[in-house]
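What follows is a set of notes on a single structure, which appears directly below.
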2 protein chains.
Amino acid sequence: MKATAHNHDHAIRSARRSLGSEKTVVALAETFKVLSDPTRLKIVLALTREELCVYDIAEVLGATESAVSHQLRLLKTLRLVKQRKEGKHVFYSLDDDHIEDLIRIARTHITE
Amino acid sequence: MKATAHNHDHAIRSARRSLGSEKTVVALAETFKVLSDPTRLKIVLALTREELCVYDIAEVLGATESAVSHQLRLLKTLRLVKQRKEGKHVFYSLDDDHIEDLIRIARTHITE
DNA sequence: CATTCATCTGAACACTTGTTCAAGTATTCC
DNA sequence: GGAATACTTGAACAAGTGTTCAGATGAATG
């Protein structure tokens, strides 16, 4: 006789339903991943008030323009930021309002 | 005479205020990072309905119990999950309601 | 008390990632 | 056109990450 009557089959079937498609999970993970690097996260935070050019972002972060440009490309690919050219400058701004919500909720998590 | 009257100094000062402390940024990045791995994200998704033991989680994900155990430790360290021992089994469950909100919002981002 | 079950752990490995450096494009100014 | 500015790109490198494997732990069972 078992002390604990734990039904593996039921639990497993139930959990499997919560998972959703592999494709969705990977896309979700990618979204979190793009915000998981301090440099990229700082870029997003810096852009919450107003659009900035690459030089400004690099200055704010204390990073090279090259490093910032590499990360901006990634952020653009995942639709977190969009760009606007004006003469020699390229201005970047946030492309999706949901991102700020994500950061706000994550903040409440870390402060418990 | 400049064609574009872009004030670097003002933009930089403004953006710097949005950044917050280095400590907070790193903690935020860590929170996103823990959800950025498909295996860990699946574990969290699997636990949204009910608590599960390590064997069940491994079965649902199609991963080894060892791999799952390693990731559970990380999830526990960052307070995403908590554990409850019952005989030989260790049952894991979500430790923070905010995580589900985080996933929900990220979902709206990827579906645009 | 030896065995089995459920989970954990550490080391090793292949793989990924972010930065740097140097060179490239594109635009403006003289 | 030539020089300067603003940004981008690709290759290379060091550092970090997730999995596997083998072995260890702890609790229940006979």
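In what follows, chains are A, B, ... by sequence order, proteins preceding strands, each numbered from 1.
- Rounded to the nearest 0.5 Å, atoms NE2 (B/His89) and CG (B/Asp56) are 7.0 Å apart.
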### Per-nucleotide protein contact string for nucleotides 5-18 of chain D (B base, S sugar-phosphate only, - none; heavy atom under 4.0 Å)
BSBBBB------SS
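- Here salt bridge (charged side-chain N to carboxylate O under 4.0 Å, His left out) pairs that include residues 19-33 of chain A, with residues two or more places apart or in two chains, are A/Glu22-B/Lys42.
- Within the structure, ring pair (Phe, Tyr, Trp, His ring centres under 6.0 Å) pairs that include any residue of residues 39-67 of chain B comprise A/His8-B/Tyr55 (at least two apart or interchain).
- Partners of A/Phe32 under the ring-ring contact (aromatic ring centres under 6.0 Å, His included) rule, at least two apart in sequence or in another chain, do not exist in this structure.
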Output side-chain donor-acceptor pairs under 3.5 Å for residues 65-76 of chain B, partner residues at least two apart or in another chain, one line each.
| residue | atom | partner | partner atom | Å |
| --- | --- | --- | --- | --- |
| B/His70 | ND1 | B/Arg73 | NH2 | 3.4 |
| B/Gln71 | OE1 | B/Arg40 | NH1 | 3.0 |

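- Remark: A/Asp9 pairs with A/Asn7, A/Arg13 by the side chain to side chain contact (heavy atoms under 4.5 Å, CB included) rule, at least two apart or across chains.
- Here A/Thr111 pairs with nothing under the side chain to side chain contact (heavy atoms under 4.5 Å, CB included) rule; sequence neighbours left out.
- Residues passing the side chain to side chain contact (heavy atoms under 4.5 Å, CB included) test with A/Lys88: none are found, sequence neighbours excluded.
- Within residues 14-25 of chain A, no residue approaches DNA chain D, by heavy-atom distance under 4.0 Å.
- Legend: salt bridge (charged side-chain N to carboxylate O under 4.0 Å, His left out) pairs involving residues 98-110 of chain B, not counting sequence neighbours, sorted by first then second residue: B/Asp101-B/Arg104.
- Not counting sequence neighbours, A/His10 has no partner by the ring-ring contact (aromatic ring centres under 6.0 Å, His included) test.
- Remark on the helix from C/dC1-D/dG30 to C/dC30-D/dG1: inter-end axis angle 10°, axes from five-pair C1' superpositions, rounded to 10°.
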